[in-house]
Amino acid sequence: MSIQKPSIPKGTRDFGPSQMAKRNYIFRHIRSTFEKFGFMPLETPTMENLSVLTGKYGEEGDQLLFKILNSGDFLKDVPEDKLKKDNAKALTFDIAEKGLRYDLTVPFARYVVMNQHEITFPFKRYQIQPVWRADRPQKGRYREFYQCDADVVGTDSLLCEAEIVLMIHEVFEKLQLSDYAIKINNRKILTAITEYIGAAGKESEFCVAIDKLDKIGLEKVNEELAQRGFSSEAIQKAQPFIVLKGTNEEKLSSLQATLGQLPSGEAGLSELQRVFDYLKAFGVSIPQVDFDITLARGLSYYTGAIFEVKVNNVSIGSVSGGGRYDNLTGVFGLPGVSGVGFSFGVDRLYDVLEELNLFPSEAHTSTQILIANFDSDSERFALPLLKKLREAGIRAEIFPESAKMKKQMNYADKKQIPFVLMAGPDEIASGQLGFKNMITGEQKALTFDQILALFN
RNA sequence: GUGGUUUUAGCUCAGUUGGUUAGAGCGCCUGAUUGUGGUUCAGGAGGUCGUGGGUUCGAGCCCCAUAUUCCACCCCA
């Protein structure tokens, strides 16, 4: 057998100990925030039946699904005529009946429908699991990445939207991020705009174009609108909306005169107003909240509020996003359940914190005390001490063999272990153990109880 | 999915028009120092030049294929 070079699939990564320490630092803060706001954990299978996943993310999304090849002779029951060349698409559902989850929201909706009789509504759940997308990878864009979702289903209350903003704010505060924007908009407002400019029904084309304003500028956006079949009159009428400026309140009131006349506009504007009112009622001021009329978001299931969070001055895209979906469970046979949720992208948050150098040194939690191993007698002497250290809640380990002191010290240094405990023949005889601080290099002779007392 | 880009030691990178034995810094190992890391000094190991083909007397360098990285589009966390 020839030796093969080991490799991992495109767009996936290994996470070593120091990376895991930093990732766990992010997970910790997100999880504790979700729990503080009353969300309960949920996990769903890595793979779903393909029929659960398809058709939920638009045509583009379906193409990004990873499909799982059926076991056994997967061609056995495929009709002859489907096996022709250039027929891969039609063949897909015959040879793959399962797929890897693309996000956490659709599996959640599936779970809600399957467990509707046990669930007490409103149902608040959080879910931290990896998702897979057959995207072309780039920086900050992976084929396997973690999402941290929090959703509430079974209530229309806009209090949920306000609490989502609060949770984002809290997590970012804990991660010491302050220069970011929580962009918020409402699908109903976008609908109203297309109606107002006389292009009703062309909402998604409109969204795709204006979503790029930041990136390509007004002129190109207008070009794109024209390309997508908007009349010059419609584009003209859309201008005031695209370039809308001012505070969130100013934007809302200036839109009242135009979009407020339309039912969808009225609904969208008042919903947004309610969210702002709730935030005010909480007594917090979150200057990062920005009503951005050009925020669109691609996922087709959003119907009300939409969110997106972007950290400023970094090379990474949005790190969080979400919105309200009025009828996600409808396709699974449970109509009339409204939900709202959002998701943190841990992998992108990681890249952001790394780029801004914001990981605290406490992010690495390693061993606190290493016990040096001199010989078999000292090893035997040390084991009860090691047990006592651990019982006191101290992260401790003994070097597993009586290697050269140089090697053991080097091990402690590389692993960033702050203290080394010396209990060799001399120390055992005198009862005074050597306790070395690896940061200062200072070494003291102390009894074991004195050492324990330092960590109480 | 479309177009481009990257790949040479563990890491970051040099490598001339195709020409002998492919280099550096850092890291790693050994010793100075058989009970002390991080500093210093001396020595050492480590490469199928992403992979598979091709052109050539001769390929790290040219050609083809493929993988991978990153970028733009598309879309998104």
Side-chain angles (χ1 to χ4, degrees), chain A residues 2-13 16 26 30 57-64 88-89 101-105 128-149 168 204 207-209 211-212 215-216 220 224 295-300 306-311 315-322 341-352 370 372-375 378 399 402-428 433-443:
Chain A
S2 67
I3 293 172
Q4 58 174 11
K5 220 174 192 179
S7 63
I8 56 175
K10 185 201 285 211
T12 66
R13 294 143 308 147
I26 300 173
I30 291 174
Y57 311 106
E59 210 173 306
E60 299 266 356
D62 282 359
Q63 288 175 356
L64 296 179
K89 234 179 203 171
R101 69 169 103 78
Y102 176 91
D103 70 359
L104 301 177
T105 309
I128 298 178
Q129 289 188 272
V131 302
W132 292 268
R133 297 183 186 178
D135 220 347
R136 173 107 37 127
Q138 286 180 26
K139 188 178 184 187
R141 163 177 263 180
Y142 308 102
R143 288 185 145 185
E144 176 183 61
F145 60 97
Y146 267 76
Q147 288 196 329
C148 307
D149 269 43
I168 293 171
S204 61
C207 289
V208 170
D211 198 37
K212 296 179 186 166
K215 220 174 189 175
I216 62 177
K220 296 262 180 180
E224 178 144 355
L295 171 64
R297 294 189 59 77
L299 284 181
S300 45
I306 42 185
F307 309 97
E308 191 161 286
V309 184
K310 173 108 179 54
V311 178
S315 59
I316 314 288
S318 60
V319 294
S320 176
F342 76 112
S343 175
F344 287 110
V346 171
D347 304 82
R348 285 191 177 175
L349 275 172
Y350 182 101
D351 290 342
V352 165
L370 174 74
N373 192 332
F374 290 83
D375 51 41
S378 89
F399 200 86
S402 55
K404 280 184 190 162
M405 208 38 51
K406 186 182 171 87
K407 183 171 182 184
Q408 300 193 39
M409 297 302 288
N410 192 42
Y411 175 80
D413 189 50
K414 285 284 139 62
K415 214 170 158 182
Q416 296 183 51
I417 298 174
F419 297 101
V420 175
L421 178 57
M422 311 281 177
D426 300 349
E427 286 83 358
I428 295 172
L433 309 182
F435 192 63
K436 174 154 179 159
N437 181 326
M438 292 296 284
I439 297 152
T440 62
E442 177 188 20
Q443 185 167 334

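Keep in mind that this is a model prediction, so the values were computed, not measured. So you know, we letter chains A, B, ... as the sequences are listed, proteins then strands, and number each from 1.
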Colleague: Taking a pair as Watson-Crick or G-U wobble with both distances under 3.5 Å, which nucleotide is matched to B:G27?
Modeller: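 By the stated definition (distances under 3.5 Å), nothing pairs with B:G27.
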Colleague: Counting only side-chain heavy atoms from C-beta out, which of B:G37, B:C74, B:C70 sits nearest to A:Lys139?
Modeller: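 The closest nucleotide is B:C70.
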Colleague: Suppose you measure atom P in B:C49 against the same atom in B:C11; what distance do you get, rounded to whole Å?
Modeller: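 Rounded to whole Å, the distance is 16 Å.
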Colleague: A:Arg133 CZ to B:G1 P: how many Å, rounded?
Modeller: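 One finds 17 Å between P of B:G1 and CZ of A:Arg133, rounded.
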Colleague: Looking at A:Gln138, does any N or O in its side chain come under 4.0 Å of the phosphate oxygens OP1/OP2 on B:A72?
Modeller: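 The answer is yes; a side-chain N or O of A:Gln138 sits under 4.0 Å from OP1 or OP2.
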Colleague: Considering only atom P, compute the distance from B:G50 to B:U34 and round it to an integer number of Å.
Modeller: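 Per the computed distance, 43 Å lies between those P atoms.
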Colleague: Once you apply a heavy-atom cut-off of 4.0 Å, does A:Val420 come out as touching a base, just sugar-phosphate, or nothing?
Modeller: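 Since no nucleic acid heavy atom lies under 4.0 Å of A:Val420, the category is nothing.
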Colleague: Nearest of B:A77, B:G35, B:A72 to any side-chain atom of A:Arg348?
Modeller: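 When the side chain of A:Arg348 is considered, B:A77 is the closest of B:A77, B:G35, B:A72.
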Colleague: Hey, could you give me each pair passing side-chain hydrogen bond (donor to acceptor under 3.5 Å, both in side chains) that has a residue in residues 413-422 of chain A? Not counting sequence neighbours.
Modeller: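 Listed once each, the pairs are A:Glu397-A:Lys415, A:Tyr411-A:Lys415.
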Colleague: Can you check the distance between B:G27 and B:G35, where both ends of the measurement are the C1' atom (answer in whole Å)?
Modeller: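 Taking atom C1' in both B:G27 and B:G35, they lie 27 Å apart.
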Colleague: Looking at B:G35, B:G1, B:U36, which one has an atom nearest to any side-chain atom of A:Arg136?
Modeller: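 Nearest nucleotide to the side chain: B:G1.
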Colleague: Is the count of non-hydrogen atoms from other residues, nucleotides or ligands lying under 6.0 Å from A:Lys220 atom NZ greater than 12?
Modeller: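 Incorrect, the count does not exceed 12.
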Colleague: Looking only at the side chain of A:Lys404 (C-beta and beyond, no hydrogens), which of the listed nucleotides B:U36, B:G31, B:G35 gets closest?
Modeller: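 Given the options B:U36, B:G31, B:G35, the side chain of A:Lys404 is closest to B:G31.
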Colleague: Of the nucleotides B:G37, B:C74, B:G35, which one has an atom closest to the side chain of A:Lys406?
Modeller: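 Comparing B:G37, B:C74, B:G35 against the side chain of A:Lys406, the answer is B:G37.
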Colleague: When you compare B:G60 with B:U6, how far apart are their C1' atoms, in angstrom units rounded to a whole number?
Modeller: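 Looking at atom C1' only, B:G60 and B:U6 are 15 Å apart.
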Colleague: To the nearest angstrom, how far is A:Ile8 atom CD1 from B:A67 atom C1'?
Modeller: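 So the CD1-C1' distance, A:Ile8 to B:A67, works out to 13 Å.
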Colleague: Would you classify A:Gly11 as touching base, sugar-phosphate or nothing, given that sugar-phosphate means primed atoms plus P, OP1 and OP2, and contacts are heavy atoms under 4.0 Å?
Modeller: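 If one applies the 4.0 Å heavy-atom cut-off, A:Gly11 turns out to touch the sugar-phosphate alone, with no base involved.
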Colleague: Given A:Cys148, which of A:Leu104, A:Leu349, A:Ile128 fulfils the side-chain contact (heavy atoms from CB on, under 4.5 Å) condition?
Modeller: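 Testing each of A:Leu104, A:Leu349, A:Ile128 against A:Cys148, the sole residue satisfying side-chain contact (heavy atoms from CB on, under 4.5 Å) is A:Ile128.
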Colleague: Where the side chain of A:Lys414 is defined as all heavy atoms beyond and including C-beta, which of B:C28, B:G38, B:C70 is the nearest nucleotide?
Modeller: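 The closest nucleotide is B:C28.
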Colleague: I'd like to check the ring-ring contact (aromatic ring centres under 6.0 Å, His included) partners of A:Phe307; sequence neighbours left out, ordered by chain and number.
Modeller: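 So A:Phe307 forms no ring-ring contact (aromatic ring centres under 6.0 Å, His included) with any residue.
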Colleague: Would you classify A:Lys10 as touching base, sugar-phosphate or nothing, given that sugar-phosphate means primed atoms plus P, OP1 and OP2, and contacts are heavy atoms under 4.0 Å?
Modeller: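 The residue A:Lys10 makes sugar-phosphate contact but no base contact.
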Colleague: Give one of base, sugar-phosphate or nothing for A:Leu349, where a contact means two heavy atoms less than 4.0 Å apart.
Modeller: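 No contact.
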Colleague: Please assess A:Ile316 against A:Val311 for the test side chain to side chain contact (heavy atoms under 4.5 Å, CB included), listing each intermediate value before the final yes or no.
Modeller: CA-CA 8 Å; A:Ile316 314 288; A:Val311 178; over 6 Å; no
Colleague: Round to a whole Å and report the spacing from CD of A:Glu224 to P of B:C73.
Modeller: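 For the pair A:Glu224 CD and B:C73 P, the rounded distance is 11 Å.
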Colleague: Return the pairing partner of B:A65 with a 3.5 Å limit on both distances, Watson-Crick or G-U wobble; otherwise return none.
Modeller: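 The base-pairing partner of B:A65, which may sit in any strand shown, is B:U51.
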Colleague: For B:C73, take OP1 and OP2 only and decide whether either is under 4.0 Å from a side-chain N or O of A:Lys212.
Modeller: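 No, no such contact exists.
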Colleague: Using the C1' atoms only, state how far B:G3 lies from B:U12, rounded to an integer number of Å.
Modeller: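 These two C1' atoms come out 29 Å apart once rounded.
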Colleague: Is a side-chain donor-acceptor pair under 3.5 Å present for A:Ser402 with A:Asn373?
Modeller: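 Side chains of A:Asn373 and A:Ser402: no pair found under 3.5 Å.
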Colleague: Grab the two heavy atoms, one from A:Tyr57 and one from A:Asp103, that are nearest each other, plus how far apart they are.
Modeller: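 Smallest heavy-atom distance, with atoms named: OH-OD1, 2.7 Å.
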Colleague: Expressed in angstrom and rounded to an integer, what is the separation of A:Met405 atom CE from B:U34 atom C1'?
Modeller: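 For the pair A:Met405 CE and B:U34 C1', the rounded distance is 11 Å.
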Colleague: Would you classify A:Tyr411 as touching base, sugar-phosphate or nothing, given that sugar-phosphate means primed atoms plus P, OP1 and OP2, and contacts are heavy atoms under 4.0 Å?
Modeller: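 Here A:Tyr411 touches no strand at all.
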Colleague: Say we look at B:U39 and B:G46: how far apart would their P atoms be, to the nearest angstrom?
Modeller: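 So the two P atoms sit 24 Å from each other.
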Colleague: Rounding to an integer number of Å, can you tell me how far A:Leu433 CG sits from B:G35 C1'?
Modeller: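 Result: 14 Å.
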Colleague: If you check every side-chain atom of A:Asp413, which of B:G38, B:C76, B:U36 has the closest atom?
Modeller: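 So the nucleotide nearest the side chain must be B:G38.
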Colleague: What are the two closest non-hydrogen atoms of A:Lys310 and A:Ser318, and how far apart are they?
Modeller: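 What the structure gives for the nearest pair is CD-N, 4.3 Å.
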Colleague: Round to the nearest Å and state the distance from A:Leu295 atom CG to B:A77 atom P.
Modeller: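 Rounded to the whole Å, the gap is 11 Å.
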Colleague: With centres under 5.5 Å and planes under 30° as the test, does A:Phe145 stack with B:A77?
Modeller: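 Stacking between A:Phe145 and B:A77: present.
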Colleague: Got a donor-acceptor pair under 3.5 Å from the side chain of A:Gln416 to the base of B:G37?
Modeller: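 Flag unset: no donor-acceptor pair detected.
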Colleague: If the C1' atom of B:G52 is compared with that of B:U16, how far apart are they to the nearest Å?
Modeller: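 That atom pair is separated by 29 Å.
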Colleague: Indicate, with a heavy-atom threshold strictly under 4.0 Å, whether A:Ser320 touches base, sugar-phosphate, or nothing.
Modeller: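 The answer is sugar-phosphate, as A:Ser320 gets under 4.0 Å only of primed atoms, P, OP1 or OP2.
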Colleague: When we call it a touch if two heavy atoms are under 4.0 Å apart, what does A:Ser343 touch: a base, just sugar-phosphate, or nothing?
Modeller: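 No contact.
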Colleague: If I take atom CD in residue A:Glu442 and atom P in nucleotide B:U36, what distance separates them, rounded to the nearest angstrom?
Modeller: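 It works out to 19 Å between those atoms.
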Colleague: Report the residue (A:Arg143 or A:Gln443) whose heavy-atom-nearest nucleotide on RNA chain B is the more 5′ of the two.
Modeller: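 The residue closer to the strand's 5' end, by nearest nucleotide, is A:Gln443.
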Colleague: Compare the minimum distances between each of B:C74, B:G37, B:C76 and the side chain of A:Lys436, then state the nucleotide with the smallest one.
Modeller: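 Of B:C74, B:G37, B:C76, B:G37 is nearest to the side chain of A:Lys436.
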Colleague: Taking the same atom, P, in B:G44 and in B:U17, what whole-Å distance lies between them?
Modeller: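 33 Å, rounded to whole Å.
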Colleague: So what does A:Gly61 hit on the nucleic acid, given a heavy-atom distance under 4.0 Å: a base, only sugar-phosphate, or nothing?
Modeller: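 Here A:Gly61 touches no strand at all.
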Colleague: So A:Asn437 and A:Phe419, side chain to side chain contact (heavy atoms under 4.5 Å, CB included) or not? Walk me through it.
Modeller: CA-CA 5 Å; A:Asn437 181 326; A:Phe419 297 101; 3.9 Å; yes
Colleague: Base, sugar-phosphate or nothing for A:Glu144? Non-hydrogen atoms, less than 4.0 Å.
Modeller: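 Answer is nothing: A:Glu144 stays at 4.0 Å or more from every strand.
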Colleague: Send over the distance from A:Lys407 NZ to B:G35 P, rounded to a whole Å.
Modeller: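 The distance from NZ of A:Lys407 to P of B:G35 comes to 16 Å, rounded to the nearest Å.
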Colleague: Determine the contact category for A:Asp347: base if any of its heavy atoms lies under 4.0 Å from a base atom, sugar-phosphate if only primed atoms, P, OP1 or OP2 are that close, otherwise nothing.
Modeller: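 Nothing: the residue A:Asp347, judged by heavy atoms under 4.0 Å, touches no strand.
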Colleague: Pick the closest RNA chain B nucleotide for A:Tyr146 and for A:Met438 by heavy atoms, then say which residue is nearer the 5' end.
Modeller: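 Nearer the 5' end of the strand: A:Met438.
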Colleague: So what does A:Gly434 hit on the nucleic acid, given a heavy-atom distance under 4.0 Å: a base, only sugar-phosphate, or nothing?
Modeller: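 The residue A:Gly434 makes no contact with any strand.
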